[in-house]
Amino acid sequence: MEWMKAIEDAVTYIETHITEEIDTEAVARHVCISPFYFQKGFSILCGYTVAEYIRNRRLALAGTVNETQPHDILPSCGCLRFAVIL
């Protein structure tokens, strides 16, 4: 049951900081689990890695932002921490 609570806390942390610079180590520190075991447990319980979850959430958010506020895609990419290659 502790792992489920840790994953729940991690997802809450990710959602709260989704527009900031965030990585697996920061999330693991937040839930007080070593990065190695956290990544392993997260992927076993969720079916994808922490990095994949963060990327997919940012992509979903970017799609929502552009759907509700049509404008240039570059500002959305920047605020969601995607690299823009011109």
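Residue numbers run from 1 in the order of the sequence given. Atoms considered below: every heavy atom in the structure, side chains included; atoms not considered: hydrogens, waters and symmetry mates. Computed from a prediction, not measured in an experiment: that's the story for all the values here.
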* Within one Ile-Leu-Val-Met-Phe-Trp-Tyr cluster: Phe36 and Leu45, side-chain cutoff 4.5 Å -> yes
* State yes or no: do Ile14 and Ile44 share one hydrophobic cluster built from I, L, V, M, F, W and Y residues joined by side-chain heavy-atom distances below 4.5 Å, directly or via other members? => no
Is there a donor-acceptor pair under 3.5 Å between the side chain of [X] and the backbone N or O of [Y]?
{"X": "Arg58", "Y": "Ile18", "value": "yes"}
{"X": "His17", "Y": "Tyr13", "value": "yes"}
{"X": "Glu52", "Y": "Thr49", "value": "yes"}

Taking all atoms of both residues into account, what is the closest heavy-atom pair of [X] and [Y], and its distance?
{"X": "Ala10", "Y": "Val31", "result": "N-CG1, 3.7 Å"}
{"X": "Ala28", "Y": "Pro35", "result": "CB-CA, 3.7 Å"}
{"X": "Ala6", "Y": "Ile33", "result": "CB-CD1, 3.7 Å"}

How far does [atom1] of [X] sit from [atom2] of [Y], to the nearest 0.5 angstrom?
{"X": "Ile54", "Y": "Thr24", "atom1": "CD1", "atom2": "OG1", "result": "5.5 Å"}
{"X": "Tyr37", "Y": "Trp3", "atom1": "OH", "atom2": "CH2", "result": "9.5 Å"}
{"X": "Glu25", "Y": "His30", "atom1": "CD", "atom2": "NE2", "result": "15.5 Å"}

* Measure the acute angle between the ring planes of Phe42 and Tyr53, then classify it against the limits of 30° and 60° as parallel, tilted or perpendicular. => perpendicular
* **Any side-chain heavy-atom pair of Val50 and Asp23 under 4.5 Å** => no
